[in-house]
Structures are given as structure tokens and as C-alpha cells.
Amino acid sequence: QVQLVESGGGLVQAGGSLRLSCAASGRTINNYAMGWFRQAPGEERKFVAAINWSGGITYYADSVKGRFTISRDNAKNMVYLQMNSLKPEDTAVYYCAADPSVRVVTTTPAVWGQGTLVTVSS
């Protein structure tokens, strides 16, 4: 089973940028689709972005399209989420996720990281 550890969260002003990283260990991510979810206080966890094993196919939630970019480096066993034009409503704990299926990774992935907090101030 692959293990996932997120990093890169922090406090940023509205309009700013952050880059989240997800380091995988235990197994290569070459055979996994990868995703990002987020959970704001008092809300359920929601899908943000996903990428297939090769990086050739990506999916985004409507709320982040055009502002966030998911990418992966299979050689480094890493996944990234570049977040630009951040808004206060982007404030949440962000979770990295993995699943063999790119469709399943957008809904109920098999593997989760522990999360990293992103706070966007107005």
C-alpha cells in the first residue's frame, strides 16, 4: 500500500499562491491515479483535482478551474497542486489521495494522506 504525506500548506493573502506537495512512499505511484480533496471547517470533504497515471488527463472541480493545476512526477513519486488567485473560500485542510482508477480517485479513493492546512486571509 502506498503512503502519502502532504506539505506546503500555510497562511496566504487573498490573490496569492501556494504549491502543495504530496510525497508517496511504500510503492511507486506509476500505477495510481492521484487526487486532491479539501475539507473546510464544518463541511464535508470535497473533490478538488485528479490526474491519471501518466499525467495526460486531469479533472478539476468547477470552483478551482483556471486557478489550480495538478501535476505529477512519477520519477520522484510526487504529486503537486499549484494554487493561484487564492480566495478566502479556498481555506481548508487539503488531502492527497490515490487509487488505481482515475474515476474512483475523484470520489472514494483507497488511500489518503493526513492533510495540510491552507488558510487564505482576506
Side-chain angles (χ1 to χ4, degrees):
Q1 186 82 318
V2 65
Q3 291 86 44
L4 306 173
V5 177
E6 304 92 336
S7 61
L11 175 64
V12 62
Q13 288 189 330
S17 298
L18 276 178
R19 187 196 197 201
L20 303 183
S21 298
C22 174
S25 62
R27 296 188 69 175
T28 175
I29 62 170
N30 289 21
N31 296 323
Y32 286 88
M34 303 298 295
W36 288 93
F37 286 70
R38 66 186 182 186
Q39 186 169 19
E43 297 185 10
E44 62 182 23
R45 195 173 300 187
K46 297 179 181 178
F47 168 73
V48 173
I51 189 167
N52 77 326
W53 69 273
S54 69
I57 300 174
T58 56
Y59 301 93
Y60 295 95
D62 288 343
S63 58
V64 306
K65 279 181 183 176
R67 300 188 298 122
F68 290 12
T69 302
I70 187 171
S71 62
R72 64 191 295 160
D73 186 336
N74 287 347
K76 295 182 178 179
N77 241 23
M78 295 288 295
V79 181
Y80 306 99
L81 186 67
Q82 178 66 43
M83 306 186 295
N84 298 329
S85 302
L86 283 162
K87 306 175 182 179
E89 51 264 43
D90 294 318
T91 294
V93 176
Y94 283 72
Y95 297 90
C96 182
D99 196 277
S101 166
V102 70
R103 293 193 181 277
V104 174
V105 83
T106 65
T107 55
T108 54
V111 183
W112 293 94
Q114 86 291 346
T116 186
L117 177 63
V118 172
T119 304
V120 185
S121 63
S122 57

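None of the values given here were measured: they were computed from a predicted structure.
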Quiz item: Mind checking what makes side chain to side chain donor-acceptor pair (under 3.5 Å) contact with R67, not counting sequence neighbours?
Solution: D90
Practice problem: Taking salt bridge (charged side-chain N to carboxylate O under 4.0 Å, His left out) as the test, write out the residues that go with K76, two or more places apart. | Solution: none
Self-check item: Partners passing side chain to side chain donor-acceptor pair (under 3.5 Å) against N74 (at least two apart in sequence or in another chain)
Solution: R72
Quiz item: Partners of Q114 by side chain to side chain donor-acceptor pair (under 3.5 Å), sequence neighbours excluded?
Solution: E6
Under 3.5 Å, which donor-acceptor pairs link side chains of residues 115-122 to any protein atom two or more places apart or in another chain?
{"residue": "T116", "atom": "OG1", "partner": "G9", "partner atom": "N", "Å": "3.2"}

Quiz item: Roughly how far apart are I51 CD1 and I57 CD1, rounded to 0.5 Å?
Solution: 10.0 Å
Quiz item: How far apart are the closest heavy atoms of Q1 and Q3, and which atoms are they?
Solution: O-NE2, 2.8 Å
Quiz prompt | Partners meeting ring-ring contact (aromatic ring centres under 6.0 Å, His included) with F47 (sequence neighbours left out) | solution = F37
Quiz item: Do any pairs count as a ring pair (Phe, Tyr, Trp, His ring centres under 6.0 Å) and have a residue in residues 1-25, sequence neighbours left out, and if so which ones?
Solution: none
Practice problem: Could you list all the ring pair (Phe, Tyr, Trp, His ring centres under 6.0 Å) pairs where at least one residue sits in residues 51-71, not counting sequence neighbours? | Solution: none
Quiz item: Are V111 and V93 grouped together when hydrophobic residues (ILVMFWY) are joined by side-chain heavy atoms under 4.5 angstrom apart?
Solution: no
Self-check item: Full working for side chain to side chain contact (heavy atoms under 4.5 Å, CB included) between R45 and W112
Solution: CA-CA 12 Å; R45 195 173 300 187; W112 293 94; 3.1 Å; yes
Practice problem: Assess whether side chain to side chain contact (heavy atoms under 4.5 Å, CB included) is satisfied between R38 and V64, documenting all intermediate values. | Solution: CA-CA 11 Å; R38 66 186 182 186; V64 306; 4.0 Å; yes
Self-check item: W36 reachable from V105 in the ILVMFWY side-chain graph, under 4.5 Å edges
Solution: no
Self-check item: Pairwise distance CE(M34) to CG(L81) - rounded to 0.5 angstrom
Solution: 11.5 Å
Without placing hydrogens or testing angles, list every side-chain donor-acceptor pair under 3.5 Å for residues 95-104, not counting sequence neighbours.
{"residue": "D99", "atom": "OD1", "partner": "S101", "partner atom": "N", "Å": "2.9"}
{"residue": "D99", "atom": "OD2", "partner": "A110", "partner atom": "N", "Å": "3.0"}
{"residue": "S101", "atom": "OG", "partner": "R103", "partner atom": "N", "Å": "3.2"}
{"residue": "S101", "atom": "OG", "partner": "V104", "partner atom": "N", "Å": "3.2"}

Quiz item: Sequence neighbours excluded, which residues qualify as side chain to side chain donor-acceptor pair (under 3.5 Å) partners of Q82?
Solution: N84
Self-check item: Residues clustering with Y80 (ILVMFWY side chains joined when closer than 4.5 Å, directly or via others)
Solution: M78
Self-check item: Minimum heavy-atom distance between Q39 and E43, given as atom pair plus value
Solution: NE2-O, 3.0 Å
For residues 25-32, which side-chain donor-acceptor pairs fall under 3.5 Å, sequence neighbours excluded?
{"residue": "T28", "atom": "OG1", "partner": "N30", "partner atom": "N", "Å": "3.2"}
{"residue": "T28", "atom": "OG1", "partner": "N30", "partner atom": "OD1", "Å": "2.8"}

